[in-house]
Student: 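Shown below is the structure under consideration.
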Amino acid sequence: MKKLFLATIGLCLAMMVYGGDIVRVSATYEYTSNNPNETPEQAERTAIQKAREKALEEKFGLDVSSVNSTYVHSKAEGDDASSVADVFALGGTSVRGEWIETIEEKIIEKSYIKGFWVVKVYVAGKARNNSKEKVEIEYALVNNAHDKYNRDQYNDGDDIYLRFSTPVSGSLCVYLIDEEQNAYCLLPYQTATTGCYDIQANKEYLLFSGSEDRNADEYTVNCQRNVEQNAIYIIFTPNKLTKANDSKSGNNWRNEPMPRQLSYEAFLSWLSKNQRKDEDLVVKTEVITIRK
């Protein structure tokens with residue numbers, strides 16, 4: 001049993017029009033904040049989320065919506081007014097539409113007017129109207145074995161576990177994304193030789209716990225700055241799912257071992273390919289905050 005340390009960073013809308021075909025969608029959206037305490041990063045996240053909603057609504061029509069969270073990695077100061085981002089769908093099994101692949105996301109304008117942020121963005125991507133009802137999974141990120149409810153706030157040095165259950169058997173992968181555009185494979189564990197982690201139906205798992213599974217990798221969240229964030233992808237399918245091709249990553253700045261990794265771009269490519277071929281694939285994402 002090994003304890004690994006995580007170096008941290010920091011609506012779909014549809015009607016039954018296009019079936020399961022993958023089509024291009026795009027939209028320009030101008031977002032005006034109504035919260036004087038909203039940060040520029042939060043305003044960018046909201047603007048991109050709204051732009052994606054608009055793109056999907058214009059292509060498929062408005063039926064139902066799900067909550068989305070946007071994880072933004074901004075360019076260095078002095079670059080063009082743009083950022084690299086990805087939206088994480090956080091739920092809603094009744095949602096038919098899916099954002100499959102990002103083609104372009106760009107911050108066109110950003111200004112601060114009378115105490116509020118105004119952000120204009122452009123998004124383009126590939127989406128699918130998936131009318132097939134997906135498996136309802138239950139999960140919670142927790143920092144001890146006794147917690148039952150999802151937690152998105154952690155302190156430097158906290159352990160992290162994943163509670164997971166599903167009504168059907170299948171395969172599960174879990175990835176952590178950091179601000180440096182690295183994707184770390186948290187599940188399957190490093191000792192796995194099959195490239196997948198099999199889940200049994202109607203069983204509650206406490207993943208990343210050595211007391212539950214002697215082969216488990218255990219994880220602790222750490223941060224270099226006062227406040228940092230991670231995005232965690234939870235990916236399940238009742239079908240066979242093999243993890244992305246990754247490599248050993250070495251140690252972090254504290255000389256502590258890290259999980260296997262690949263680039264964020266390669267991870268998104270792997271995820272997109274699996275979404276294209278497997279309409280049963282369920283993707284959930286949680287953004288966690290770590291403080292000193």
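Numbering starts at 1 and runs along the sequence shown.
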Student: Please determine whether residues V118 and V123 belong to a single hydrophobic cluster, defined as Ile, Leu, Val, Met, Phe, Trp and Tyr linked transitively by side-chain heavy-atom distances below 4.5 Å.
Tutor: no
Student: Decide yes or no on side-chain contact (heavy atoms from CB on, under 4.5 Å) for I177 and N230, but give the supporting numbers first.
Tutor: CA-CA 6 Å; I177 314 300; N230 283 338; over 6 Å; no
Student: If we count only N and O atoms by modelled type, under 3.5 Å, do the side chains of D278 and T237 hold a donor and an acceptor together?
Tutor: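 A pair is found: one side chain offers a donor N or O, the other an acceptor, under 3.5 Å apart.
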Student: Donor-acceptor check, side chain of S209 to backbone of E218, threshold 3.5 angstrom: yes or no?
Tutor: no
Student: Does any non-hydrogen side-chain atom of Y139 lie less than 4.5 Å from one of E286?
Tutor: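 With C-beta onward as the side chain, the pair touches.
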Student: Test side-chain contact (heavy atoms from CB on, under 4.5 Å) on L172 and L207; report intermediate values, then the result.
Tutor: CA-CA 11 Å; L172 178 66; L207 299 164; 3.6 Å; yes
Student: Measuring from atom NE2 of H146 to atom NZ of K148, what distance do you get when rounded to the nearest 0.5 angstrom?
Tutor: 10.0 Å
Student: Hey, what do you get for CD (Q261) to CG (L176), rounding to the nearest 0.5 Å?
Tutor: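 It is 11.0 Å, given to the nearest 0.5 Å.
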Student: Check the side chains of T102 and R52 for a donor-acceptor pair under 3.5 angstrom, ignoring hydrogens and angles.
Tutor: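 Checked: R52/T102 side chains pair up, N/O donor to acceptor below 3.5 Å.
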Student: Judged by atom type as modelled, is there a donor-acceptor pair below 3.5 Å linking the side chain of N143 to the main-chain atoms of I160?
Tutor: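 Flag not set: sc N143 to bb I160 has no pair under 3.5 Å.
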Student: Decide yes or no for R24 and I103: does some side-chain heavy atom of the first lie under 4.5 Å from some side-chain heavy atom of the second?
Tutor: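 Side chain of R24 against side chain of I103, heavy atoms only: contact under 4.5 Å found.
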Student: Quick check: do N245 and L262 have side-chain heavy atoms less than 4.5 Å from each other?
Tutor: no
Student: Look only at the side chain of D217 and the backbone of Q190, and say whether a donor-acceptor pair between them is shorter than 3.5 Å.
Tutor: yes
Student: Rounded at 0.5 Å granularity, tell me how far CG in D280 sits from CG in N274.
Tutor: 12.0 Å
Student: Are side-chain heavy atoms of E38 and T46 found at a separation under 4.5 Å?
Tutor: yes
Student: If we ignore hydrogens and angles and just use 3.5 Å, is the side chain of D147 paired with the main-chain N or O of N150 as donor and acceptor?
Tutor: no
Student: From Y29 OH over to I108 CD1, what is the distance, rounded to the nearest 0.5 angstrom?
Tutor: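 These two atoms lie 13.5 Å from each other.
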Student: Under the 3.5 angstrom rule, does the side chain of E58 hit a backbone N or O of A55 as a donor-acceptor pair?
Tutor: no
Student: Do the ring centers of F236 and F164 come within less than 6.0 Å of each other?
Tutor: yes
Student: Verify, without hydrogens or angle tests, whether D158 (side chain) and N155 (backbone) share a donor-acceptor contact under 3.5 angstrom.
Tutor: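 Judged by distance alone, yes, a pair lies under 3.5 Å.
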Student: Between L187 and C173, is a side-chain contact (heavy atoms from CB on, under 4.5 Å) present by the stated rule, with each step listed?
Tutor: CA-CA 5 Å; L187 193 75; C173 286; 5.9 Å; no
Student: Does Y154 reach the side chain of T289, with side-chain heavy atoms less than 4.5 Å apart?
Tutor: no
Student: When you compare the side chain of K203 with that of S165, does any pair of heavy atoms fall below 4.5 Å?
Tutor: no
Student: Is the shortest side-chain N to carboxylate O distance from E228 to K292 below 4.0 Å?
Tutor: no
Student: Check whether any side-chain heavy atom of Y189 sits under 4.5 Å from a side-chain heavy atom of D213, and report yes or no.
Tutor: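 Yes - at least one pair of side-chain heavy atoms lies under 4.5 Å apart.
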Student: Any side-chain donor paired with an acceptor under 3.5 Å for Y205 and Q200?
Tutor: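 No, Q200 and Y205 have no side-chain donor paired with an acceptor closer than 3.5 Å.
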Student: Per the ring-ring contact (aromatic ring centres under 6.0 Å, His included) rule, what does the pair list look like for residues 266-292, sequence neighbours excluded?
Tutor: Y175-F267, Y175-W270, Y233-F267, F267-W270
Student: Is it the case that over 12 heavy atoms from other parts of the model lie below 6.0 angstrom from the CD atom of E265?
Tutor: no
Student: For a ring-ring contact (aromatic ring centres under 6.0 Å, His included) with Y219, tell me which candidate from Y184, F208, Y161 qualifies.
Tutor: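 Running ring-ring contact (aromatic ring centres under 6.0 Å, His included) over Y184, F208, Y161 with Y219 returns exactly one hit, F208.
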Student: Which distance, rounded to the nearest 0.5 Å, do you find between the NZ of K126 and the OG of S26?
Tutor: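 If we round to the nearest 0.5 Å, K126:NZ and S26:OG are 13.0 Å apart.
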Student: Output yes when R276 and E101 qualify as a salt bridge under the 4.0 Å nitrogen-oxygen rule, no when they do not.
Tutor: yes
Student: If you measure only the distance, is there a donor-acceptor pair under 3.5 Å linking the side chains of T220 and D159?
Tutor: yes
Student: Which heavy atom of A43 sits nearest to which heavy atom of W117, and what is that distance?
Tutor: CB-CB, 3.8 Å
Student: Do R225 side-chain atoms and V227 backbone N/O form a donor-acceptor pair below 3.5 Å?
Tutor: no
Student: Considering non-hydrogen atoms only, spot the tightest contact between C185 and P259 and give its length.
Tutor: O-CB, 3.5 Å
Student: Would you confirm whether R260, through its side chain, and D246, through its main-chain N or O, come within 3.5 Å as a donor-acceptor pair?
Tutor: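 Pair found, side chain donor or acceptor close to backbone of D246.
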Student: Given 3.5 Å as the limit, does a donor-acceptor pair link the side chain of T194 with the main chain of C196, or not?
Tutor: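 Answer holds: yes.
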Student: Tell me if the CD atom of E138 is crowded by more than 12 foreign heavy atoms within 6.0 Å.
Tutor: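 It does not: E138 CD has 12 such atoms or fewer within range.
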Student: Hey, does V174 have a side-chain heavy atom less than 4.5 Å from the side chain of L162?
Tutor: yes
Student: In Å and rounded to the nearest 0.5 Å, what is the NZ to CG distance from K284 to L141?
Tutor: 13.5 Å
Student: Using modelled atom types only, decide if a donor and an acceptor are shared between the side chain of K120 and the backbone of T28 within a distance under 3.5 Å.
Tutor: no
Student: Applying side-chain contact (heavy atoms from CB on, under 4.5 Å), run through E105 and I48 and close with a yes or a no.
Tutor: CA-CA 8 Å; E105 288 179 341; I48 292 173; 3.7 Å; yes
Student: Please name the pair of heavy atoms, one in C223 and one in R291, separated by the smallest distance, quoted to 0.1 Å.
Tutor: SG-C, 3.9 Å
